[in-house]
Amino acid sequence: FPVTISEPQGNVISVKRASDNADSTSAGTLGMVGETIPAGGNGLVLVSGLMRKLNTVGLTAGSLLFVSSTPGGYTQTIPTPPSHSVRVGYVVRVHAHVGEIYVKIDNGYELEELHNVIDTTTTSSPN
């Protein structure tokens, strides 16, 4: 499941399940975890590469995955605003026990995060 950076604990990174509900639960999406990490415990986060031995039934091979509104979930459906669009990676193999996802996190971009953009027509902000 996708995780985002949480509060640091000593000299290690703490993570929590990512969701597309807010910037605080999506912008720091780091990677995918393939197993449950107990509270206060240690675990591995795959930040890029092939995650194996997953149940990918119901997904479509080759499809792009996004962080979903369910914490730790992912979906093939592109989130619509105001949900945050965070790409998780791609479905490589569909199978109940040996499914595979290629993890490649891309946190998406809100307008204020873009650079090298000239807007000469906007006169006021909606906020």
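We count residues from 1, following the sequence as given.
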Considering only residues two or more places apart or on different chains, which pairs with a residue in [range] satisfy salt bridge (charged side-chain N to carboxylate O under 4.0 Å, His left out)?
{"range": "residues 42-51", "result": "none"}
{"range": "residues 48-75", "result": "Arg52-Glu100"}
{"range": "residues 62-80", "result": "none"}

Residue list, side-chain contact (heavy atoms from CB on, under 4.5 Å) with [X], at least two apart or on another chain:
{"X": "Ala22", "value": "Ser24, Thr25"}
{"X": "Val33", "value": "Phe1, Val3, Ile37, Val45"}
{"X": "Thr60", "value": "Ser63, Gln76"}

May I ask you to list the residues sharing a hydrophobic cluster with [X], side-chain cutoff 4.5 Å, ordered by chain and number?
{"X": "Leu64", "answer": "Phe66, Ile78, Tyr90"}
{"X": "Val86", "answer": "Met32, Leu46, Met51, Leu54, Leu59, Leu65, Val67, Tyr74, Val88, Val91, Val94, Ile101, Val103, Ile105"}
{"X": "Leu50", "answer": "Val92, Tyr102"}

Check: Closest approach of Ser19 and Ser69, non-hydrogen atoms and distance?
Finding: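 Looking at all heavy atoms of both residues, the closest pair is CB-O, 3.7 Å.
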Supply the atom-to-atom distance [X] [atom1] to [Y] [atom2], rounded to the nearest 0.5 angstrom.
{"X": "Asn55", "Y": "His95", "atom1": "CG", "atom2": "NE2", "value": "9.5 Å"}
{"X": "Ser26", "Y": "Asn21", "atom1": "OG", "atom2": "CG", "value": "8.5 Å"}
{"X": "Asp20", "Y": "Ser85", "atom1": "CG", "atom2": "OG", "value": "8.5 Å"}

Item checked: Derivation of the side-chain contact (heavy atoms from CB on, under 4.5 Å) call for Asp23 and His84 -> CA-CA 7 Å; Asp23 203 49; His84 295 247; 3.6 Å; yes
Can you name the side chain to side chain donor-acceptor pair (under 3.5 Å) partners of [X], sequence neighbours left out?
{"X": "Thr56", "result": "none"}
{"X": "Ser48", "result": "none"}
{"X": "Thr80", "result": "none"}

